[in-house]
2 protein chains.
Amino acid sequence: MIPDRPRRPTLSDVARLAGVSLGSASRVMSEPEAVRQRTREAVEAAAEQLGYVPNGNARALAMRRSMMVGVVLPTITNPVFASFVHVLQRRLGAEGYHLLVQAHEYDHQAEVALVERLIRRGIDGLVLVGTDHDPAVTALLARSGLPHLFSWSSDEAPAQDCVGFSNRQAMREMVQYLLDLGHRRFAILSGALAHNERARARVEGAREALAAAGIVIAPDDIVIQPFSIEGGRQGLRVIAARGERPTALVCTTDLMAAGALAEAHALGIAVPDALSITGFDDIDIASAISPPLTTIHAPIREMGERVGERMLVRLKGGAPDPSLTIPTHLVRRQSAGVVAKK
Amino acid sequence: MIPDRPRRPTLSDVARLAGVSLGSASRVMSEPEAVRQRTREAVEAAAEQLGYVPNGNARALAMRRSMMVGVVLPTITNPVFASFVHVLQRRLGAEGYHLLVQAHEYDHQAEVALVERLIRRGIDGLVLVGTDHDPAVTALLARSGLPHLFSWSSDEAPAQDCVGFSNRQAMREMVQYLLDLGHRRFAILSGALAHNERARARVEGAREALAAAGIVIAPDDIVIQPFSIEGGRQGLRVIAARGERPTALVCTTDLMAAGALAEAHALGIAVPDALSITGFDDIDIASAISPPLTTIHAPIREMGERVGERMLVRLKGGAPDPSLTIPTHLVRRQSAGVVAKK
DNA sequence: TTGTATGCGTTATCAA
DNA sequence: TTGATAACGCATACAA
C-alpha cells in the first residue's frame, strides 16, 4: 500500500539510503567530526538526495531542549519594545535560538496566561519586561525551574537575574533639568501605574525631584492615559482644558510625548515656548519629530545584549548573576526650553 | 538512587498518581468529554497536585503539529511590520498558535537561512512578506509541503495564497494627487529595489503617473538610501545639495519620509511650502509628526486578519484561496501642499 | 569509529 | 469507557 501523503523523509530514511545505521546518521548531523569522512559523505549525499530536513520537535524531545526562548512584552507596537526584540533576536539567533514573542497589551492577568502557554509550548528560557508580575507568574516560573530574566527596571529589581536601568533616577534627572530651565508648574502624563513598576518609578522620580525643589504635585497634575500616541493626545487635551496650565509636561514615554506634541500643535500651543514637553525612551522617531524631543535615552541595545548574553549563560546551566543597572542619560533636544518670562 | 535534577512530572506520573492508565490521562487533557467524570476528576486532581505542565515538544512530535507559525519580516523595527505581527499574533494566538518571528533586515540571502531554520525548528505554516524571494526559499517551501502565505504585495503576486495591496496603484494615486497640486519637479526616495517588489512597484507607480503627465523622471531623481529614518535624512541631504530642487519628494515609506522631513527642518527647508514630502504606510506616528504626513494608508490590520484567517484554514488542511487585493487609500495631511507660485 | 537499543513525553490505535 | 502498546523522529549510552 502506498501512503497517500508523501511523508517527509526522516533520519532513518537517510541512514538506510546511505547504508549506515541511524546512530551514525545522527552523529553526522550533530557531531560530524566524530565520524569517518567516508560515512559522513555518504550520509550527506543521502540527505541531500532525499531533501532531508531535521525534525526540530523530535530533536527537542530527545535533547530536552527546544532551542526556543520566550519573550513577553507589554506590546510590540511601541518601537522601544520592537528594538529590544530586534537586539535579542540577533544575539540569541546567533546561537541558534528562536524567539517566541508574546505581548500582553498591558493586561496584568493576560501575562499569566501567556507565560503559561509559553512554558507549555516548551521554551528553554524566558525574558520578561519589568519586575512587577502576578504571583502566578512567579509561581509558574518557580515550579518549572525555567531560566528566566527580568529586564527594563532596576528600581524594584530582585537581587539576581535582572538587567535594567533606573527609571526613577532617569526621571529625576529629567525633572531637575526642567527645574534648571526655570519651570515651576508641572504636569505628568503617564499610562496606568498599576502592575507597572517602570511607570511608577518614573512618576516617583519626577515627584521626588519636584519635592526636593519644594514643589508638591497635585493628584490632578498626574494624568493617566493609555501608553500610546493617542493617549498622549488625550492627555494633552485634558491638561489644556485646565485653568492654569503647566509650563512643563513630563511624559513617561516618547510615544505619549509625541502624541502630546502633535496635539499641542493642533491646539496652537507653542512648544517649547508655551509648553515644554519631554519624553522617555529615546526611540528613533524622537529625534525626527519637531521640535525634536527632549527625552531620556533608555539603553535598549545594551540591555538587549546583556539579557541575551546572560540568557545564553543560564541556558548552558550557568549560575544567575547579580542584577545589573545600566546608565541612562538625558538627551537635550528642542521640545523643552527655558520657561517664558512673564 | 535519587535523581539529581527534579525531573518535571510527566503525564505518566499523573496517571500513576490518579490510578488510571496513561491513555486515560491523555484523554482528560485533550478530549475531556470522552472520559467518565470520576476519572477526569482524579486525573485533574493529580495533575494539580503534581504541578503537571504538558510537554509541548512531545505533543508536537506525536501530533505532528507544533502549533507554531513562522513569520519572516524585513525588519521588526519598522512599525508597519510590528503592527502586522501584532495583528497576526492576536488572530493566530486566539486559536492557540505561537508565532516564531524572524527578520532578515533586507538581506535577500539571509531570508533563505531564516526560512530554513524555521522549517527545521518545526513550524506548521509560514507567512512571508512580499513575493520576491530567492528561488531557494520557494524550493524549501515546495519540498517541505508547508502551508505558506505571501503578503503585502499584489503587484507581482502569484494567483494563490497572497494577501496584499497594490503598491503601484497606491503610488500612482499619490503622484496624481501631487500633480493635481501643481507639482512638476519630483524626486523619489526609496530603499534598495533589488529583491523587493514592493519598493519597485511603488517607484514604478510613481514613474507611470508622472509619465502619463508627460514628466520623465531622471535616474538622478531616484535616490536610494536605507529604509529608515536615517536613510530619509540622508536622502534629503542628497536632494537638497542639487542645483535645481524638486518641489515634491515622494518617499516609499513613512519612516524615510519622517527622516526627510526632519532633515528638511534642520536645513531650514519649509514643508510643504518649499518642498512637499509624502510617505507610504500610514504608521501611527505619521499623523503626529509635523507637519502631519500625507501618505498612503496601507491596510495592515485587515491584511493581518485575512492572512491569519487564511493561515488557519490552510493549517486545517483547507485549500488555497485565490490571491486577494485589499484597497489602499490616500491620506491627505499637511506635508504636501500646492506648489508655490513663482 | 560504528551499530544497537533505549528513552524523550505525548497521541493514537486497538482490544478489552 | 478504559488500558496496553505502538508510533512520532531523534539523541545517546553502551557495546562491539
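In what follows, chains are A, B, ... by sequence order, proteins preceding strands, each numbered from 1.
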Legend entry - Heavy-atom pair with the smallest gap, counting every atom of B:F165 and B:P299: CD2-CD, 3.6 Å
Inset, instruction - Using a cut-off of strictly less than 4.0 Å, decide whether B:S21 has a side-chain nitrogen or oxygen near OP1 or OP2 of D:dT2. - result: no
Inset, instruction - Could you work out which one of C:dT10, C:dT2, D:dG3 sits closest to the side chain of B:S12? - result: C:dT10
Inset, instruction - Quickly work out the A:R120 CZ to C:dG9 C1' distance and round it to whole Å. - result: 14 Å
Inset, instruction - Please determine if a side-chain N or O atom of B:S26 lies less than 4.0 Å away from the OP1 or OP2 oxygen of C:dT10. - result: no
Legend entry - DNA chain C-proximal residues of residues 38-59 of chain B, any heavy atom under 4.0 Å: B:Y52, B:V53, B:P54, B:N55, B:A58, B:R59
Legend entry - A:R64 CZ to D:dT12 C1', straight-line distance once rounded to whole Å: 9 Å
Legend entry - Whole-Å distance separating the CG atom of A:L61 from the P atom of D:dT12: 12 Å
Inset, instruction - Find which nucleotide of DNA chain C each of A:Q37 and B:A62 is nearest to by heavy atoms, and output the residue with the more 5' nucleotide. - result: A:Q37
Inset, instruction - Decide if the gap between the ring center of B:Y106 and the ring center of B:H195 is smaller than 6.0 angstrom. - result: no
Legend entry - Between C:dC8 (C1') and A:M67 (CE): distance, integer Å: 17 Å
Legend entry - Touch class at under 4.0 angstrom, heavy-atom based, for B:T10 against every strand present: sugar-phosphate
Inset, instruction - Provide, to the nearest angstrom, the distance between the CZ atom belonging to B:R65 and the P atom belonging to C:dT11. - result: 11 Å
Legend entry - Electrostatic pair B:E305-B:R301, nearest N-O below 4.0 angstrom: no
Legend entry - Side-chain ion pair, B:D161 and B:R314, N-O less than 4.0 Å: yes
Legend entry - Near-ring test B:H86/B:F84, centroid separation under 6.0 angstrom: no
Inset, instruction - From the options B:V71, B:L73, B:L141, select the one residue that forms a side chain to side chain contact (heavy atoms under 4.5 Å, CB included) with B:L128. - result: B:L141
Inset, instruction - With heavy atoms under 4.0 Å as the rule, sort A:L11 into base, sugar-phosphate or nothing. - result: sugar-phosphate
Legend entry - Side-chain-base donor-acceptor pair under 3.5 Å for A:R27 and C:dG3: yes
Inset, instruction - Starting from P on D:dT5, measure out to CG on B:L22 and report it in whole angstrom. - result: 12 Å
Inset, instruction - Check whether the side chains of B:T75 and B:E105 place a donor and an acceptor atom closer than 3.5 Å, and report yes or no. - result: yes
